[in-house]
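Reviewing the structure listed below.
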Amino acid sequence: MPESTPKTMGQQFGRRSWAEPWKIKMVEPLTVTTREERQKALEEAGYNTFLLKSEYVYIDLLTDSGTSAMSDRQWAGMMLGDEAYAGSRNYYHLESAIQNIYGYKYIVPTHQGRGAEHLISQAVIKKGQVVPGNMYFTTTRLHQELAGGAFQDVIIDEAHDPANLHPFKGNIDLDKVQAIIDKHGAENIAYISVAGTVNMAGGQPVSMANIKALRELCDKHGVKIYLDATRMMENAYFIQEREEGYADKTIAEILKEFCSYTDAAWMSAKKDNLVNIGGWLAVNDWTLFEELRNLVVVYEGLHTYGGLAGRDMEALAIGIEESVSDQHIRSRIGQVLYLGELLKDWGIPIVQPIGGHAIFLDAKAFYPHLKQIEFPAQTLAAELYLDSGIRSMERGIASAGRDPKTGDHYYPKLELTRLTIPRRVYTQAHMDVVAEAVKAVYDARESTRGLKMVYEPKYLRFFQARFERL
Ligand SMILES: *Cc1c(COP(=O)(O)O)cnc(C)c1O
């Protein structure tokens, strides 16, 4: 066997490999296209992978959002949907699943994560307040800004360096938080916005020690901590793997402890929770709950369905119970690691350490000859699709958008193309095919030209922007 593939040969090297803790009961055929078809599709899509029709995509690594495979138990749960307008039995199942597994007291369902972000931002942010957070997320920051807040990044500096091997690159820099408190006063801080794991930093986790220390600092000043719990199961796995004292704890125990240091959470259930649609808010404060329960009626639906069908809430409740399984999370992150290790062995520049939900290709290192305004990460996503029909997405200057005050582009330090792995969907053989496609695009990197943006939407431009080749 070649030296570069030891991970597939676990037993031979005296190790034990993991395997998926499920088997396949139903299959969905994939389409294979020609290069000419892909060239045409890409031009029609304005070189934006969000604008491609999925029927022209072979392996879809655009996002892990809503793209998971549900289990037979979840599908069976769909048949138990209680579609009553009010007080659906599935709502109560969902409520108890969140209470039991995450540990918060009061629950508000929403149609997806941004619905939850909208409500909590409107409920708690006063105009002019600062919202410190461990690196921004697109929809999170936008809702904070629309509510009149000013986002400020307080992630540790290591997070901005794709090659830095810090084990908890999602950590909050407490000195940065202290400096904001000193400058603006605790009363002008809406809350600390903590995400675990940090998507935009490459799926990087926050340590238990860090959230504990943040809790102490915030208690001293009376500042709240709200958690973006979207990928907290993955964060819990990294704590189990990397943090002293947690190797013998279960994912469930670690998750609950982490959440206990926060005051509330919002969730995109389309990620960790293994459903195709859904979200929720969970808080411990009754007054805040009342406010959210009032707002949800205006924007989402009654507080016992929040934009979801009864059957969706049932699938979500079961998904939460499945997602906290140690076996599940180990194979989920193991698959991401497998792909990352292959690329690393071939010298392809990726963000390290390898994160929880995706491999992030370092587009600046891929295409050093492209200026950031020539959209290197967008270019790489386009090239990868053209080569093999694999769909990825840009996480760089296009995603970063513009400063609302000056109108200038944000120039993020990280210019990344994300290969996001859906949960329970693809096999190890698919990962091999993806790795080989990335290698082919890497080998052709020197002759690759960049892009220019020819259409720019006002909000979250990366979704609908159009590009042309330079
Ligand atoms: C996806 C995501 C959201 C937004 O959730 P949607 O369900 O897409 O509306 C918020 N935060 C993070 C970290 C996410 O990944």
Side-chain angles (χ1 to χ4, degrees), residues 50 61-68 102 108-122 131 133-147 149 151 153 155 159 169-170 172 191-206 226-236 238 258-259 262 264-282 296 299-301 306-308 312-313 315-316 319-320 323 332 336 355-358 360 392-395 399-401 414 416 418-423 459-460 462-464:
F50 278 102
L61 306 184
L62 183 71
T63 171
D64 61 332
S65 181
T67 53
S68 300
Y102 290 85
V108 177
T110 60
H111 79 284
Q112 61 183 81
R114 71 199 68 185
E117 291 172 337
H118 172 220
L119 300 185
I120 198 148
S121 301
Q122 292 296 330
V131 189
N134 55 344
M135 203 174 263
Y136 81 101
F137 182 73
T138 52
T139 57
T140 315
R141 184 179 67 190
L142 179 59
H143 279 297
Q144 290 162 346
E145 287 172 351
L146 288 172
F151 176 83
D153 189 8
I155 203 164
K169 275 164 98 174
I172 293 101
Y191 54 89
I192 314 286
S193 180
V194 175
T197 57
V198 182
N199 191 349
M200 305 299 277
Q204 304 296 330
V206 179
Y226 294 164
L227 177 66
D228 184 333
T230 297
R231 293 186 186 82
M232 259 318 294
M233 299 294 180
E234 295 168 7
N235 200 105
F238 287 119
F258 195 103
C259 292
T262 69
W266 65 85
M267 180 73 185
S268 169
K270 303 173 69 172
K271 321 285 177 37
D272 260 0
N273 288 169
L274 300 168
V275 285
N276 305 120
I277 195 75
W280 46 263
L281 278 163
V296 76
Y299 294 106
E300 303 275 315
L308 295 171
D312 294 334
M313 290 191 284
L316 172 51
I320 289 171
S323 66
R332 189 277 184 286
V336 177
H357 66 301
F360 291 74
S392 57
M393 80 146 92
E394 194 258 16
R395 277 294 179 234
S399 292
L414 298 180
L416 309 174
R418 189 178 79 179
L419 302 166
T420 339
I421 315 299
R423 295 165 184 80
Y459 297 118
L460 302 176
F462 59 96
F463 282 131
Q464 290 152 339

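First listed ligand is number 1; within each ligand, the first listed atom is number 1.
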**Study point:** side-chain contact (heavy atoms from CB on, under 4.5 Å) evaluation trace for Gln144 with Tyr191
**Key:** CA-CA 11 Å; Gln144 290 162 346; Tyr191 54 89; 3.1 Å; yes
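Residues satisfying the side chain to side chain donor-acceptor pair (under 3.5 Å) criterion with Arg141, sequence neighbours excluded, are absent altogether.
Annotation: atom 6 (P) of ligand 1 to nearest protein heavy atom, Gln112 NE2, 3.3 Å. Of the protein's non-hydrogen atoms, the one nearest atom 2 (C) of ligand 1 is Lys271 NZ, 2.5 Å. In terms of protein heavy atoms, atom 3 (C) of ligand 1 is closest to Phe137 CE2, 3.4 Å. Nearest to atom 11 (N) of ligand 1 among the protein's heavy atoms is Asp228 OD2, 2.7 Å. Closest to atom 10 (C) of ligand 1, if we only count protein heavy atoms, is Glu117 OE2, 3.0 Å. Protein heavy atom in closest approach to atom 4 (C) of ligand 1: Thr139 OG1, 3.4 Å. For atom 8 (O) of ligand 1, the closest heavy atom belonging to the protein is Arg114 NH2, 2.9 Å.
Between Asp228 and Lys271 there is no salt bridge, since no side-chain N of the basic residue sits under 4.0 Å from a carboxylate O of the acidic one.
For the residue pair Asn199/Arg418, the side-chain donor-acceptor check at 3.5 Å is satisfied.
Selection from Ser65, Ala229, Ala269, Ser268 by nearest heavy atom to atom 7 (O) of ligand 1 gives Ser268.
Distance check: Tyr226 OH to Ser121 OG gives 10.5 Å after rounding to the nearest 0.5 Å.
A distance-only check finds no donor-acceptor pair linking the side chain of Asn273 to the backbone of Gly319 [under 3.5 Å].
Relative to the six-membered ring of Phe137, Arg114 misses at least one condition, a distance below 6.0 Å or an angle of at most 45° to the axis.
Taking only nitrogen or oxygen atoms, main chain and side chain alike, Gly113 reaches within less than 3.5 Å of ligand 1.
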